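Everything on this sheet refers to the single structure shown next.
Computed from a prediction, not measured in an experiment: that's the story for all the values here. Atom set for the values below is all heavy atoms of this structure, side chains included, hydrogens, waters and symmetry mates excluded.
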Amino acid sequence: MPIETQLTKDLGIRIPVVQGGMQWVGLPVLVAAVSNAGGLGIITGLTQPTPEDLRKAIRETKSNTNKPFGVNLTFLPTMKPPPYDEYAKVIIEEGVKVVETAGGPAAGPFIKLFNSKGIYVIHKCTAIRHARTAVKMGARMLSIDGLECAGHPGEDDVGGLVLLARAAQELKTPFIASGGFANGRGLASALALGACGINCGTAFMTTEEAPIHPNVKKVMIESDERQTVHIFRTLHNTARVFKNKPAMEVVALENRIGGCKFEDVAHLVSGQRGKLVYETGDIDAGIWSCSVAVGLLKEVVSCEVFLNKIEKEAIEVLQGLTKNITFSTKM
């Protein structure tokens, strides 16, 4: 008995779980596996070095699944902005049906563009005010990211429990929950809070199909929920990453008297160093995104097994609530 929500109905998927965009991880091999297993796989657009490489990745994914999948485009401050217009053009030309966007005002024109082409846009937000803006720009669905999430949780420090309840209170546009979700109990809780599904990133890193070194997966399943840390707090560009040597070096530099500038930590946080972690298995080679959901991960399994377990557990939890709770008519 599948769980049917606005997410599954709108996107034509079986299980209300989205594999969010992840730098160096959201590659065709993982995306196709997620979609074939009933979720929504998402290619990380900017992991591809050029727009033409993204075109190849989209076509490779299509050759491995006939199920829906999407592409992520993230618009964050960078010293050398990528050619977003060209990436967007490829997405449109290749007939991608779903785009996950993230970032600030720079995302606005692209949300409008994709919407005008009939592409279903899911926009990631870390605050209700940002969600309202995204809806005005044409986002069809929102991904509400609490403080627990990997990557950039914004600067408000509001956890998912309150943020999701506020979304249900304030928004009419459907939303999914993101940040700290990795099992069926999490999916059930998200549905109870008003979401129509969940976004998982960290959880998919420990699947068999995730294109990262086995040692990284081993370290993750041996870790608990305390093994992440926020960096860039003093630079007002907070990011949650795995608590390793370079991450703690960044924190130390930020906390020194006089603080630091980005130039002081750039050598520690370069994307290419982070890529080496996944390629070599050296967890201290660079910084890498990881949410507190890492504490929930206990085994390396296929995407199919992982998603089926989420679905089964969520149904059991939801059905169990009706069996274990009685409602009194007495006031």
Side-chain angles (χ1 to χ4, degrees), residues 17-37 39-49 53-54 56-57 60-61 64-65 69-72 74 100 102 148-152 178-183 199-225 227-229 231 239-247 268-307 309-310:
V17 177
V18 175
Q19 166 251 308
M22 294 176 281
Q23 185 73 329
W24 313 124
V25 181
L27 300 177
V29 62
L30 175 61
V31 175
V34 173
S35 291
N36 284 333
L40 182 77
I42 292 187
I43 298 170
T44 307
L46 298 184
T47 286
Q48 301 301 322
D53 286 312
L54 175 59
K56 293 174 184 176
E60 180 181 344
T61 305
N64 288 301
T65 185
F69 68 91
V71 173
N72 164 281
T74 297
E100 177 191 64
E148 302 87 345
C149 73
H152 298 277
S178 181
F181 294 96
N183 58 24
N199 180 304
C200 297
T202 300
F204 279 110
M205 291 172 66
T206 56
T207 59
E208 292 173 354
E209 295 90 348
I212 61 179
H213 196 282
N215 187 56
V216 177
K217 299 178 186 182
K218 178 177 181 292
V219 168
M220 291 179 71
I221 62 176
E222 292 175 350
S223 297
D224 63 26
E225 63 277 10
Q227 293 304 119
T228 73
V229 66
I231 61 173
R240 187 185 293 279
V241 299
F242 191 81
K243 188 186 290 185
N244 62 4
K245 290 178 181 178
L268 295 168
V269 302
S270 75
Q272 290 303 314
R273 282 191 61 171
K275 186 179 181 182
L276 281 175
V277 173
Y278 301 140
E279 292 177 343
T280 67
D282 178 2
I283 64 166
D284 292 319
I287 63 165
W288 46 289
S289 294
C290 185
S291 86
V292 293
V294 70
L296 297 169
L297 306 174
K298 302 303 178 186
E299 58 183 347
V300 176
V301 296
S302 68
C303 288
E304 182 178 15
V305 169
F306 174 65
L307 285 170
K309 287 180 68 174
I310 283 185

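Heavy atoms only, all atoms of each residue included: Gly180 and Leu296 are closest at O-CD1, 3.9 Å. Among all heavy-atom pairs drawn from Val216 and Val277, the shortest one is CG2-O, 3.4 Å. Listed here is the closest heavy atom pair of Cys200 and Phe181: SG-O, 3.4 Å. Counting all heavy atoms, side chain and backbone alike, Thr206 lies closest to Met220 at CG2-CB, 3.8 Å. Between Arg240 and Thr228, the shortest heavy-atom contact is NH1-OG1, 2.9 Å. Minimum interatomic distance between Ala37 and Leu307 (heavy atoms only, all atoms of both residues): CB-CD1, 3.6 Å.
Put simply, the side chain of Leu40 does not reach to within 4.5 Å of the side chain of Val17, judged on heavy atoms. Annotation: side chain of His213 is not in contact with side chain of Tyr278 (no heavy-atom distance under 4.5 Å). Residues Val71 and Ile42 have side chains not in contact (no heavy-atom distance under 4.5 Å, counting atoms from C-beta outward).
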Working for ring-ring contact (aromatic ring centres under 6.0 Å, His included), residues Phe242 and Trp288: CA-CA 6 Å; Phe242 191 81; Trp288 46 289; 4.5 Å; yes
side-chain contact (heavy atoms from CB on, under 4.5 Å) between Met205 and Met22, intermediate numbers included: CA-CA 9 Å; Met205 291 172 66; Met22 294 176 281; 3.9 Å; yes
Check against side-chain contact (heavy atoms from CB on, under 4.5 Å), Ile43 and Leu27: CA-CA 6 Å; Ile43 298 170; Leu27 300 177; over 6 Å; no
side-chain contact (heavy atoms from CB on, under 4.5 Å) evaluation trace for Leu30 with Val34: CA-CA 6 Å; Leu30 175 61; Val34 173; 4.0 Å; yes
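The side-chain contact (heavy atoms from CB on, under 4.5 Å) search around Ser178 returns Lys124, Ser143, Asp145, Asn199, not counting sequence neighbours. Residues satisfying the side-chain contact (heavy atoms from CB on, under 4.5 Å) criterion with Lys218, sequence neighbours excluded, are Asn215, Glu222. The side-chain hydrogen bond (donor to acceptor under 3.5 Å, both in side chains) test applied to Gln48 returns no partner, not counting sequence neighbours. Listed by chain and number, the residues in a side-chain contact (heavy atoms from CB on, under 4.5 Å) with Ala293 are Ala182, Ser291 (sequence neighbours excluded). Every residue meeting the side-chain contact (heavy atoms from CB on, under 4.5 Å) condition with Val241, not counting sequence neighbours, appears here in chain and number order: Val229, Ile231, Ala247, Ile287.
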Would you tabulate the side-chain donor-acceptor contacts of residues 298-306 under 3.5 Å, counting partners in other chains and residues two or more places apart, or write 'none'?
from   : atom 1 : to     : atom 2 : distance (Å)
Lys298 : NZ     : Gly295 : O      : 3.1
Glu299 : OE2    : Lys309 : NZ     : 2.5
Ser302 : OG     : Val305 : N      : 3.1

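Note that the CG atom of Asp224 and the CD1 atom of Ile221 stand 13.5 Å from one another [nearest 0.5 Å]. Lys245 NZ to Asp282 CG: the interatomic distance, rounded to the nearest 0.5 Å, is 8.5 Å. Of the inter-residue distances, the one linking Asn36 atom CG with Asn64 atom CG reads 7.5 Å to the nearest 0.5 angstrom. Rounding to the nearest 0.5 Å places OG of Ser223 at 10.5 Å from NZ of Lys243.
Formation of a donor-acceptor pair under 3.5 Å by the Thr207 side chain with backbone atoms of Phe204 is found in this model. Under a 3.5 Å cut-off, the side chain of Glu225 and the backbone N or O of Val292 do not form any donor-acceptor pair. Using modelled atom types, no side-chain atom of Asp284 and backbone atom of Pro246 make a donor-acceptor pair closer than 3.5 Å. Arg273 places a side-chain N or O within 3.5 Å of a backbone atom of Ala285 that can act as its donor or acceptor partner.
Asn72 and Thr44 are not linked by any side-chain donor-acceptor pair at a separation below 3.5 angstrom, with hydrogens and angles left out of the test.
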